[in-house]
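The figures that follow rest on heavy atoms only: side chains count, while hydrogens, waters and symmetry mates do not.
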Amino acid sequence: MRLDEYDVAVIGGGHAGCEAALAAARLGMRTVIFSISLDAIGNLPCNPSIGGTAKGHLVREIDALGGEMGKAADASFIQSKILNRGKGPAVYSLRAQIDRGKYHSEMKRRLEEQQNLIVKQAEITEIKLKDGAVDAVVTATGAEYGARAAVIAAGTYLKGKILIGSYSKESGPDGMFPANELSECLKKLGVELRRFKTGTPARLHGASLDFSKMREERGDEKITPFSFETENAGENKVLCYLTYTNEKTHEIINKNLERSAMYGGYVEGVGPRYCPSIEDKVVRFHDKPRHQIFIEPMGLDTQEMYAQGFSTSLPEDVQLEMYRSVEGLEHAEIMRSAYAIEYDCCDSTQLYATLEFKNISGLYGAGQFNGTSGYEEAAAQGLVAGINAALKLKGEEPLVITRSDGYIGTLIDDLITKGTNEPYRMMTSRSEYRLLLRQDNADERLTPMGRRVGLISDERYEKFLKKQSLINDEIKRLQNTVVPPGTANPLLEKYGSTPIKTGARLSELIRRPELDYEKLAPIDEKRPPLPEPVWEQAEIRLKYEGYIKRQIAEAEQFKKMESRLLPEDMDYSEVYGLRIEARQKLDKIKPKSLGQASRISGVSPADISVLIIHLERARK
């Protein structure tokens, strides 16, 4: 029974699904989003936080493109701080503790109020094709909905199975129903699936913890919002706490290793290297006497506390003994047990840079279904998939974000060219252009793209242009303002900076490591009153001008390689001189350009040289 017709169907109501649905609807597509439970929309099933190292960059990029995660996080945060303040602006990363319940209600409300978007509770069990393209989706009850495009944002629900010691149960996260039938349908459609695993710590009752034995972790005094549009940043409302495991904790873990689901051989899926369980940490880093445990509130209206860094698949009796061995947790009461969860996901090398499947027109993948971990990575992919599904149906040019454009581009490029054998996590070290891809300039890099596709309003774009103009004007003013020695030297001596003998430009002084924009205020008599985001970018551009120019040159070289396109129907078996491994990889992934080909694992620089020669011969 065909109940209705839509342009875009989004399968899954997590972070990827929410962004995909909102983007498609805002671009004029009649959109429907399906969630196994409406109570799971925008859920934070693991850590109650958004942002963090590199992840904060992703959230700001999502916002710069016109996505929603940053705004919902600003509306529901309970503590906020910038990480890596001591390392330089390239790796500054905003992270916020989130009120889990409020974030869910915020995101659900935004979906419900969005024009062109229908929200439905249902499990999708089948995707129907017509002439090799998406035609409809079918629910577990047999209801069929027409769709010209579909985005799979299934999270950890596909054949989800939780494991606690030797106990296992088919389940999605947080005890939700799993989605068991869609995997078989995808396999029949030719989608290659694999099995991954992740895990989550226990939730502890706050009243059972002794916070006096832990170190307080406070948020920043001055709040930096995720969204460039948030004007009232809000304030911190809670404290977080830091404690540590100890020798006794490690002894309990080692004594019970074989009872762990992972070490007992019960786990089939591959887990994340960069977010290991506590038993993994103890085994892999056996020389470390302790590991950090952050105790974080789950919200303002609950006593649940999240034990970050303490995920495990050990049985519940061992969990209780292990948790209570930690200082401050001696009387801890577990409200929700820790568990590991396995799930099906796709081989991401089957996708284009638009996140559309190469062999199925109109079918897109996003989030953990593509092999990533993390809310932020999921939301970023959901946004790109939703935008591109809409653009394809409108007959417009797709949105392709490159590695030099943003961390979103790095994320997607890594997935589609290199693939991943474990849950992929974004880190600043994955990008070659870290100084260009800062969180403070995400709007400069991506807002014009958001404007081009239709997600940035006229009003927002005018504000963006005004901000860029103010930044450029301030840079020029600093470059043209000369300070005499008599004015400058007392301040320079105060900060241990070499005195000047002739007049110096403020732009020259600001480049000195011991000085910055704020410290120079007493000798900058004609300084205009500017918002911090404006003078912050002006300062960074001047202070790191040489490094930025070098990375811009590298990015330009990268773009030249990206512009050398490879024919879609190229037969790599006929390219003389290619190694067998390179032929196999190139034939499977079918890269769009020489640049993309160069990043495929198993394709060497010598293979790229062979391709260049082949292309030159073909051109002549």
Side-chain angles (χ1 to χ4, degrees), residues 7-8 10 18-31 33 57-75 106-107 109-117 224-234 354 379-380 382-402 405-409 437-476 528-538 541:
D7 295 313
V8 178
V10 177
C18 289
E19 295 291 350
L22 288 168
R26 288 168 179 172
L27 293 181
M29 297 296 104
R30 189 159 191 262
T31 306
I33 181 171
H57 291 68
L58 287 173
V59 181
R60 292 213 115 198
E61 290 184 356
I62 290 165
D63 182 75
L65 283 167
E68 203 67 20
M69 175 175 264
K71 293 182 178 66
D74 288 343
E106 279 286 334
M107 196 58 85
R109 176 182 62 79
R110 289 161 198 247
L111 293 177
E112 292 168 346
E113 294 177 356
Q114 178 60 49
Q115 188 178 1
N116 295 327
L117 179 58
T224 302
F226 279 111
S227 175
F228 291 96
E229 291 196 287
T230 298
E231 294 180 357
N232 181 12
T354 60
L383 179 61
V384 171
I387 289 172
N388 280 313
L391 293 178
K392 178 166 183 168
L393 296 182
K394 292 166 76 174
E396 297 181 12
E397 282 292 309
L399 173 70
V400 174
I401 303 172
T402 70
D405 292 327
Y407 278 96
I408 295 176
L437 310 183
R438 307 183 309 274
Q439 66 170 20
D440 64 272
N441 72 349
D443 58 342
E444 178 191 351
R445 294 182 280 111
L446 297 176
T447 294
M449 291 189 191
R451 170 70 170 174
R452 194 269 290 177
V453 301
L455 289 181
I456 299 297
S457 67
D458 292 344
E459 181 184 4
R460 179 171 180 179
Y461 197 62
E462 284 302 317
K463 288 181 180 178
F464 162 75
L465 292 177
K466 183 178 180 181
K467 176 185 173 184
Q468 297 308 306
S469 177
L470 288 172
I471 293 168
N472 292 327
D473 288 347
E474 182 62 356
I475 289 172
K476 289 176 184 175
L530 294 171
E532 184 174 343
V534 170
W535 62 253
E536 178 188 40
Q537 276 205 49
R541 287 193 205 175

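- The environment of Glu397 atom CD is sparse: at most 12 non-hydrogen atoms of other residues, nucleotides or ligands sit within 6.0 angstrom.
- Across Ile62 and Ala380, no two heavy atoms sit closer than the pair CD1-N, 3.5 Å.
- Distance alone, capped at 3.5 Å, is enough to place a donor-acceptor pair between the Arg60 side chain and the Pro225 backbone.
- In terms of modelled atom types and a separation under 3.5 Å, the side chain of Asp74 and the main chain of Thr230 share no donor-acceptor contact.
- Residues Leu383 and Leu455 have side chains in contact (heavy-atom distance under 4.5 Å, counting atoms from C-beta outward).
- Looking at every heavy atom in both residues, Ala25 comes nearest to Leu117 through CB-CB, 3.9 Å.
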Report the C-alpha separation of Glu61 and Ile401 in whole Å, then their side-chain angles, then the decisive distance to 0.1 Å, and conclude whether the side chain to side chain contact (heavy atoms under 4.5 Å, CB included) test is met. CA-CA 11 Å; Glu61 290 184 356; Ile401 303 172; over 6 Å; no

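- Not a single side-chain hydrogen bond (donor to acceptor under 3.5 Å, both in side chains) links Glu536 to another residue, sequence neighbours left out.
- Residues Cys18 and Leu111 approach most closely at SG-CD1, 3.8 Å, considering heavy atoms.
- Ion pairing between a basic and an acidic side chain is recognised when a charged N comes within 4.0 Å of a carboxylate O; Glu106 and Lys71 show no such pairing.
- With hydrogens and angles left out, the side-chain atoms of Asn116 and Thr31 include no donor and acceptor closer than 3.5 Å.
- Shown here for Ile408 and Leu65, the closest heavy-atom pair between the two residues is CD1-CD1, 3.9 Å.
- Looking at Asp63, its side chain does come within 3.5 Å of a backbone N or O of Phe228 through a donor-acceptor pair.
- Between Arg451 and Asp458 a salt bridge is recorded (basic side-chain N to carboxylate O distance below 4.0 Å).
- Within the 4.5 Å cutoff, the side chain of Pro533 has no heavy atoms near those of the Asp440 side chain.
- Note on residues 385-395: pairs passing salt bridge (charged side-chain N to carboxylate O under 4.0 Å, His left out), not counting sequence neighbours, are Glu356-Lys392, Lys394-Glu396.
- Note that the CD atom of Glu532 and the OG1 atom of Thr224 stand 6.5 Å from one another [nearest 0.5 Å].
- Within 6.0 Å of atom CD in Glu459, 12 or fewer heavy atoms from other residues, nucleotides or ligands are found, so the atom counts as exposed in its surroundings.
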Verdict with supporting geometry, Lys463 and Glu229, salt bridge (charged side-chain N to carboxylate O under 4.0 Å, His left out): CA-CA 9 Å; Lys463 288 181 180 178; Glu229 291 196 287; 5.9 Å; no

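- Considering only heavy atoms from C-beta on, Ile471 comes within 4.5 Å of Arg541 through its side chain.
- Within the 4.5 Å cutoff, the side chain of Glu68 has heavy atoms near those of the Arg26 side chain.
- With Asp443 contributing its side chain and Ala64 its backbone, the two residues share no donor-acceptor pair below 3.5 Å.
- Here the straight-line distance linking atom CG of Leu530 with atom CD of Glu474 works out to 5.0 Å at 0.5 Å rounding.
- Sorted by first then second residue, the ring-ring contact (aromatic ring centres under 6.0 Å, His included) pairs that include residues 442-472, not counting sequence neighbours, are Tyr461-Phe464.
- Between Pro398 and Arg452, the shortest heavy-atom distance links the atoms O-NH2, 3.1 Å.
- For the pair Arg445 (side chain) and Arg438 (backbone), a donor-acceptor distance under 3.5 Å is present.
- Rounded to the nearest 0.5 Å, atoms CG (Leu22) and CD1 (Ile33) are 7.5 Å apart.
- Note that CG of Leu393 is 10.5 Å distant from CG of Asn388, once rounded to the nearest 0.5 Å.
- For Ala72 against Met107, the heavy-atom pair with the smallest separation is CB-CE, 3.8 Å.
- Lys467 has its side chain within reach of Val534: a pair of non-hydrogen atoms, C-beta onward, lies under 4.5 Å apart.
- To the nearest 0.5 Å, the span separating OG1 on Thr354 from CG on Leu399 amounts to 9.5 Å.
- One distance of note links CD of Gln537 with CG of Asn472; it measures 9.5 Å at 0.5 Å rounding.
- In this structure a side-chain-to-backbone donor-acceptor pair under 3.5 Å is present from Asp7 to Arg30.
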